[in-house]
There are 2 protein chains.
Amino acid sequence: MPKDTFLNLDEAKQRRIFEAAVDEFSQKRFSEASINQVVKNSGISRGSFYQYFKNKEDLYLYVLKQIGKEKLDLMNYAGEIKQDADFFDGFIYMIRAALEWSRTKPKYYRIGMLMEFDDSHFISELRKALPEGFSMLKGMIEKDIQLGRVRSDIDSGLVVDIIYTLNLHLLIHCFKTDEESEFLKKIDEIIKILKEGIVNR
Amino acid sequence: MPKDTFLNLDEAKQRRIFEAAVDEFSQKRFSEASINQVVKNSGISRGSFYQYFKNKEDLYLYVLKQIGKEKLDLMNYAGEIKQDADFFDGFIYMIRAALEWSRTKPKYYRIGMLMEFDDSHFISELRKALPEGFSMLKGMIEKDIQLGRVRSDIDSGLVVDIIYTLNLHLLIHCFKTDEESEFLKKIDEIIKILKEGIVNR
DNA sequence: ACCCAAAATGACAACCCTGTCATAGTAGAT
DNA sequence: ATCTACTATGACAGGGTTGTCATTTTGGGT
């Protein structure tokens with residue numbers, strides 16, 4: 001979506017702008033993020049920016065697309081291993097992969113998280129169009145139901161929703177406090193509860 | 001926290017301002033909410049506003065305090081019934097009470113929800129100082145553990161966290177789509193999963 | 001060395017916002 | 001009727017934002 005003028009730039013400059021944008025969008029929600037900041041931190045002029053991108057939305061979409069490329073590589077790699085695992089192991093594997101990614105590329109991860117809590121029109125619409133990261137989990141639960149590993153009256157969609165929500169919530173906490181081992185411990189415990197329930201028997 | 005000049009106003013005018021503030025704070029996060037809007041919708045002048053309140057934070061705290069009063073009444077009422085109920089019933093009761101409140105005072109509820117997703121310094125600090133609505137649930141789980149109704153290896157804090165997070169998540173969805181019966185169905189299902197787990201046995 | 005098209009620039013308009021302040025208005029007491 | 005103390009007002013300063021545009025700079029081809 002950037003204009004040709006941007007694509008014609010030498011790669012170093014493209015990266016400088018991209019990274020300035022990542023910096024900004026990982027600190028502020030889309031609506032609060034400022035082009036001025038991106039312009040300042042990438043050392044280009046305001047006028048140039050609007051020669052490269054149509055507007056702020058254009059820049060955001062570009063950043064997302066770039067991040068998506070890197071994420072896709074990682075997810076494809078993760079996808080190879082968990083073929084015959086059950087849902088629980090598959091989930092834990094995905095969590096660890098995601099955590100690894102969030103550790104190597106924390107800013108990318110933060111952008112995703114901020115997006116999650118952005119209720120602006122633009123972001124709401126955008127979110128709908130984006131691929132759901134945990135969607136594969138739904139298939140895994142359904143497989144487990146067919147194999148008799150999971151109760152047949154369980155709503156797979158709801159379970160994915162639960163997992164997705166709790167994971168996001170814990171991740172945010174993890175980011176704030178930087179207690180990664182605590183996070184993994186809690187995920188394990190949540191999985192256990194999800195498996196067995198909390199009732200004494 | 002408002003100035004005396006505000007308290008001296010006749011009640012109708014106080015309400016007008018309060019309601020304009022509620023309108024604004026239930027539509028926009030604190031940082032995005034605009035005094036201009038409040039001023040316009042309450043029909044007072046900008047200058048007057050700053051004669052009534054020190055600043056935006058002052059107004060916000062006032063609104064929260066007013067809402068807190070109403071909420072306290074409701075919660076005290078709800079607290080009377082669930083004395084000897086177990087955690088699950090207690091939780092469902094609380095959910096229904098909260099939902100009832102969100103139905104009668106949706107704007108108040110929205111303010112709370114927006115606060116939940118506000119990471120500004122002011123709101124973060126404020127949130128810490130506020131009483132935790134679900135804190136009583138923790139005690140109920142611990143009681144259930146002692147009574148042998150819940151496994152003793154369960155972390156009560158984590159369970160409350162799970163419940164709190166999922167509830168909030170579902171409520172937001174409920175607010176957006178206005179599917180209240182769907183919401184209650186899901187809560188019931190989540191409780192069931194929390195109780196029994198999803199594993200086939 | 002010259003030319004010209006493409007790229008870079010920052011001033012600018014137009015619109016937000018918050019908090020202040022000198023002025024104008026009002027209503028009660030003397 | 002006058003004085004006074006409180007209240008209301010909107011213009012203003014000073015800050016932010018986005019997107020535009022006339023102007024200058026640059027660099028490749030001749």
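Naming: A, B, ... by sequence-line order, numbering from 1 per chain. Because only heavy atoms are used, hydrogens play no part in the values below, and waters and symmetry mates are left out as well, while side chains stay in.
One N or O on the side chain of A:Q14 and one on the backbone of A:L9 form a donor-acceptor pair closer than 3.5 Å.
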_nucleotides 7-21 of chain D: protein proximity per nucleotide (B base, S sugar-phosphate only, - neither; heavy atom, under 4.0 Å)_ = SBBB------SBBBB
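Aromatic ring pairs are classed by plane angle as parallel below 30°, tilted from 30° to 60° and perpendicular above 60°; the pair A:F122 and A:F30 is tilted.
Under a 4.0 Å N-O distance rule, the pair B:E189/B:K186 does not qualify as a salt bridge.
Residues passing the side-chain hydrogen bond (donor to acceptor under 3.5 Å, both in side chains) test with A:N167: none are found, sequence neighbours excluded. Applying the salt bridge (charged side-chain N to carboxylate O under 4.0 Å, His left out) test to A:E142 and every residue at least two apart in sequence or in another chain returns A:K138. Judged as a side-chain hydrogen bond (donor to acceptor under 3.5 Å, both in side chains), and not counting sequence neighbours, the contacts of A:N36 are A:R46. Scored by the side-chain hydrogen bond (donor to acceptor under 3.5 Å, both in side chains) test, A:Y108 finds A:E70 as partners (sequence neighbours excluded). The side-chain hydrogen bond (donor to acceptor under 3.5 Å, both in side chains) test applied to A:S124 returns no partner, not counting sequence neighbours. A:K185 is linked by a salt bridge (charged side-chain N to carboxylate O under 4.0 Å, His left out) to A:E182, counting only residues two or more places apart in sequence or in another chain.
Residue pairs meeting the salt bridge (charged side-chain N to carboxylate O under 4.0 Å, His left out) criterion with at least one partner in residues 15-38 of chain A, sequence neighbours excluded, are A:R15-A:E19, A:D23-A:K107, A:E24-A:K28, A:R29-A:E32, A:R29-B:D119. Identified under the salt bridge (charged side-chain N to carboxylate O under 4.0 Å, His left out) test for residues 153-163 of chain B, with sequence neighbours left out: A:K192-B:D153, B:R151-B:D153.
Taking the screw axis at each terminus of the helix from C:dA1-D:dT30 to C:dT30-D:dA1 from five consecutive base pairs, the angle between the two is 30° to within rounding of 10 degrees.
With a heavy-atom cut-off of 4.0 Å to chain A, the contacted part of DNA chain C has its first and last nucleotide at C:dA7 to C:dG10.
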What's touching nucleotides 24-29 of chain D from the protein side, N or O pairs under 3.5 Å?
none

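Other residues, nucleotides and ligands contribute only 12 or fewer heavy atoms inside 6.0 Å of the CD atom of A:Q146.
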